[in-house]
K.L.:
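Starting off with a structure, shown below.
Because only heavy atoms are used, hydrogens play no part in the values below, and waters and symmetry mates are left out as well, while side chains stay in. We count ligands from 1, going down the list as the structure has it; atoms in each ligand are counted the same way.
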Amino acid sequence: MRGLPKANDACWCGSGQKFKRCHKSTTDPVRPGRITPMRQVPDSIDKPVWADGTEVKRWDEPAVKDPEVIGRMRRVGRDAADLLAYLGTVIAPGVTTEQIDEACHARALELNAYPSPLGYPGGRNPFPKSLCTSVNEVICHGIPDDRPLRDGDIVNCDVTLYREGVHGDTNATFFVGEVDELSERLVRVTRECTELGILAARPGNLINDIGKAIQRHAESQGFGVVRDFVGHGIGEQFHSDLQICHYYHPGLDTPIEAGMTFTIEPMITVGSYRAQMWSDGWTAVTADCGRTAQFEHTVLITADGAEILTTPSDTRLHPYWALAQQPVAQNS
Ligand code: MF3
Ligand code: CO
Ligand code: CO
């Protein structure tokens, strides 16, 4: 991993100011922490194949879903969103990401659902926890560990539940105590990018119109769009073939059709959009250690737009909708 720029270097953002006076985050880089053993899931809960270590074989799942599948996705999507909103009540300075995982796991079981990340193949070893927690410069797939959250951190919680044979995938970035102005703007703009991506997800548009809308807004605000991780088709499989880039990719010229279900989950950076991987093979961090934020929804394409399947029962309790109370793009 490349080191942090030196305090007296010119800032990478081109402001002409010293790094320490400009984009230097107020916190030390996140370091790998201690990870506890995998939690158990009772036999009464239906599990995806990876729960017992079975190899995941991708199959050709139809991009356009039957109404009956959509019904199941709506139910698990709402519960994933409610769980995410509940995690927001757990987050506070001093709380470890391990404690967030504990809360997520327990609540998933109460909902009679399997936490999809648990045992999911990839990385150096299967993912050992029930959600991803990504702090400050961690772009995505952070593993919950014993690091206590600090006042001024931002933390993304990425929740996926599996029930009735389908997945619902959603995430949000939360403030820990009081955060600096740049982090606040980053998180607001990232929510707006997600919103604009969802608005571009409608019949008559192409898949690449989603990334085009997201990239235009992020870059107009001086922020970067991560290339190495993308949204994905979702349904009976956690990740199916369809790829949703969050930047403009001309090759993604598939028309958007009613009945499609996929995620939109832009990762936006204050500095470099380039990613580096920790040796665990999961934790992705920004190359310059600048902060990054993300929001994710599972959406269903309808006749004239997109329905957010990961809509909670009470949107007032959810950080995504709470931020929506503020006007979009007030600085552009
Ligand atoms: N929820 C993530 C996504 O949005 C995937 C996490 S995979 C895991 O696609 F194994 F890290 F949990
Ligand atoms: Co996803
Ligand atoms: Co996710």
K.L.:
Treating Thr310 as the side-chain partner and Gly77 as the backbone partner, does any N or O pair qualify as donor plus acceptor under 3.5 Å?
P.N.:
no
K.L.:
Using a heavy-atom cut-off of under 4.0 Å, does the side chain or the backbone of Cys132 touch ligand 1, or both, or neither?
P.N.:
side chain
K.L.:
Tell me, which protein residue and heavy-atom name are nearest atom 4 (O) of ligand 1, and how many Å apart are they?
P.N.:
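Going by distance alone, atom 4 (O) of ligand 1 is nearest to Glu265 OE1, 2.9 Å.
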K.L.:
Atoms of ligand 1 less than 4.0 Å from Thr160 heavy atoms?
P.N.:
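Heavy-atom distances to Thr160 below 4.0 Å select 1 (N).
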K.L.:
Would you mind naming the N, O or S atom of Asp169 nearest to the Co ion (ligand 3)?
P.N.:
OD1
K.L.:
So which of the N, O or S atoms of Glu265 lies nearest the Co ion (ligand 2)?
P.N.:
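So the atom name we want here is OE2.
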K.L.:
Side chain to side chain contact (heavy atoms under 4.5 Å, CB included), that's the test. Do Asn156 and Ile154 meet it? Break it down for me.
P.N.:
CA-CA 7 Å; Asn156 179 279; Ile154 57 174; over 6 Å; no
K.L.:
If you stand at the Co ion (ligand 2) and look out to NE2 of His232 and OE2 of Glu296, what angle do those two lines make, to 10°?
P.N.:
130°
K.L.:
Is the CD atom of Gln40 crowded by more than 12 outside heavy atoms at less than 6.0 Å?
P.N.:
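12 or below, so no.
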K.L.:
Between the side chain of Trp278 and the main-chain N/O of Gly142, is any donor-acceptor distance below 3.5 Å?
P.N.:
no
K.L.:
What protein heavy atom sits nearest atom 12 (F) of ligand 1, and how far away is it?
P.N.:
Pro117 CB, 2.9 Å
K.L.:
Under 2.8 Å from the Co ion (ligand 2), is there an N/O/S atom belonging to His239?
P.N.:
no
K.L.:
Considering the heavy atoms of His232, write down every atom of ligand 1 situated less than 4.0 Å from one of them.
P.N.:
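Answer for ligand 1: 3 (C), 4 (O), 9 (O).
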K.L.:
Of all the non-hydrogen atoms in the protein, which one sits nearest to atom 2 (C) of ligand 1, and at what distance?
P.N.:
Asp158 OD2, 3.2 Å
K.L.:
Answer yes if the ring centres of Trp50 and His239 are under 6.0 angstrom apart, and no otherwise.
P.N.:
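No: the rings miss the under 6.0 Å criterion.
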K.L.:
Tell me whether the Co ion (ligand 2) has Asp158 as a neighbour, meaning an N, O or S atom of it below 2.8 Å.
P.N.:
no
K.L.:
Pick from Thr194, Val159, Asp169: which one makes a side chain to side chain contact (heavy atoms under 4.5 Å, CB included) with Glu296?
P.N.:
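Going through Thr194, Val159, Asp169 one by one, the side chain to side chain contact (heavy atoms under 4.5 Å, CB included) with Glu296 is satisfied by Asp169 alone.
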K.L.:
Ile143 pairs by side chain to side chain contact (heavy atoms under 4.5 Å, CB included) with which of Ser134, Pro128, Cys132, Pro117?
P.N.:
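It is Pro128; the other options fail the test.
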K.L.:
Check each atom of ligand 1 against the heavy atoms of Glu296 and keep those under 4.0 Å away; list them by number with element.
P.N.:
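Contacts of ligand 1 toward Glu296, numbered from 1: 4 (O).
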K.L.:
Answer with yes or no whether Thr263 contacts ligand 1, where contact means a heavy atom under 4.0 Å from a ligand atom.
P.N.:
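Contact absent.
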K.L.:
If the contact criterion is a heavy-atom separation under 4.0 Å, does Phe238 count as touching ligand 1?
P.N.:
yes
K.L.:
Could you check Lys129 against Glu98 for salt bridge (charged side-chain N to carboxylate O under 4.0 Å, His left out), going step by step and ending with a plain yes or no?
P.N.:
CA-CA 9 Å; Lys129 292 283 147 193; Glu98 159 82 12; 3.6 Å; yes
K.L.:
Return the closest protein heavy atom for atom 7 (S) of ligand 1 as residue, atom name and distance.
P.N.:
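Nearest protein contact, heavy atoms only, for atom 7 (S) of ligand 1 is Tyr120 CD2, 3.9 Å.
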K.L.:
Mark yes or no for whether Thr292, through its side chain, and Ile268, through its backbone, hold a donor-acceptor pair below 3.5 Å.
P.N.:
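Yes.
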K.L.:
Could you tell me the residue and atom name of the protein heavy atom closest to atom 3 (C) of ligand 1, and the distance to it rounded to 0.1 Å?
P.N.:
Asp169 OD2, 3.3 Å
K.L.:
Check Asn171 against ligand 1 and report side chain, backbone, both or neither, counting heavy atoms closer than 4.0 Å.
P.N.:
neither
K.L.:
Which pair of non-hydrogen atoms, one from Gln215 and one from Val225, has the smallest distance, and what is that distance?
P.N.:
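Looking at all heavy atoms of both residues, the shortest contact is CA-CG2, 3.9 Å.
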K.L.:
Going by heavy atoms, is His239 under 4.0 Å from ligand 1?
P.N.:
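True for this residue.
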K.L.:
Would you mind telling me which of Val30, Val176, Ile91 makes a side chain to side chain contact (heavy atoms under 4.5 Å, CB included) with Asp153?
P.N.:
Val176
